[in-house]
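Quick notes on the structure that follows.
Reckoned from all heavy atoms, side chains included, excluding hydrogens, waters and symmetry mates. These numbers were taken from a predicted model, which means no experiment stands behind them.
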Amino acid sequence: QVQLVESGGGLVQAGDSLRLSCIASGRAFGSYAMGWFRQGPGKGREFLAAISMSGGSQVYADSVKGRFTVSRDNDKKTVHLQMNNVEPEDTVVYYCAERLDPIPNHRDPSYDYWGQGTQVTVSS
């Protein structure tokens, strides 16, 4: 059974940086791609970034490219999302997800396991 637990969310001010983390348990973490998504109230899930099993390949949504960076540490079974220059519009719940495939993907139905999410609130 895979468990994903996000952390690092909280209240920050516009322009600040924030690093979200997601720790996985229960499976060969280093064999699968990981992704980050977010979802606001009444909205669909939005893809943000994904990273291959080795960490050598990343995919980003155009909306966050250059501002967010995804990375992973397979020894620690952790994936991170570095968020720079955050904006009030970044205020939503952020989720990490694992895809049972080594190649990153932007489509959320392709992910098999999801964390419970961490809230990020950005004040102006």
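- Leu20 contributes atom CG, which lies 5.5 Å from atom CE of Met83 (distance to the nearest 0.5 angstrom).
- Separating the CG atom in Leu81 from the CD atom in Glu6 is a distance of 11.0 Å, to the nearest 0.5 Å.
- There is a path of hydrophobic side-chain contacts, each under 4.5 Å, that joins Trp114 to Val59.
- Counting all heavy atoms, side chain and backbone alike, Cys22 lies closest to Met34 at SG-CE, 4.4 Å.
- Under a 3.5 Å cut-off, the side chain of Tyr111 and the backbone N or O of Leu100 do not form any donor-acceptor pair.
- Ser63 approaches Glu46 most closely through the heavy-atom pair OG-OE2, 3.3 Å.
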When you look at Asp90 and Arg67, which way does the salt bridge (Lys or Arg N to Asp or Glu O under 4.0 Å) test go after all the steps? CA-CA 11 Å; Asp90 295 323; Arg67 204 161 58 92; 2.8 Å; yes

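- Nearest heavy-atom pair, Val92 versus Gln39, reported as atom, atom and distance to 0.1 Å: CB-O, 3.5 Å.
- Side-chain atoms of Ser52 come within 3.5 Å of backbone N or O of Ser57 as a donor-acceptor pair.
- Between Phe37 and Tyr95, the ring center distance fails the sub-6.0 Å criterion.
- For Thr78 and Asp73, the side-chain atoms include no donor-acceptor pair closer than 3.5 Å.
- The two residues Phe29 and Val79 have their closest heavy-atom pair at CZ-N, 4.2 Å.
- To the nearest 0.5 Å, the span separating CD on Gln116 from CG on Leu4 amounts to 9.5 Å.
- Residues Asn74 and Ser54 approach most closely at ND2-CA, 4.4 Å, considering heavy atoms.
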Quick one: do Asn105 and Phe47 satisfy side-chain contact (heavy atoms from CB on, under 4.5 Å)? Show the steps, please. CA-CA 9 Å; Asn105 192 289; Phe47 168 76; over 6 Å; no

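- Residues Tyr94 and Arg38 bring a donor and an acceptor atom of their side chains to less than 3.5 Å of each other.
- Checked by atom type, the side-chain pair His80/Ser21 shows a donor-acceptor distance below 3.5 Å.
- For Thr69, the side chain to side chain contact (heavy atoms under 4.5 Å, CB included) partners are Tyr60, Gln82, not counting sequence neighbours.
- In this structure, Glu98 CD and Lys77 NZ are separated by 9.5 Å, a value rounded to the nearest 0.5 Å.
- If you take SG on Cys96 and CD1 on Ile51, they are separated by 12.5 Å, rounding to the nearest 0.5 Å.
- Within 6.0 Å of CD in Gln3 there are 12 or fewer heavy atoms belonging to other residues, nucleotides or ligands.
- Contact of the Val93 side chain with the Thr118 side chain is not registered, since no non-hydrogen atoms from C-beta on lie closer than 4.5 Å.
- Here the closest non-hydrogen pair linking Gln58 and Gly55 is NE2-O, 2.6 Å.
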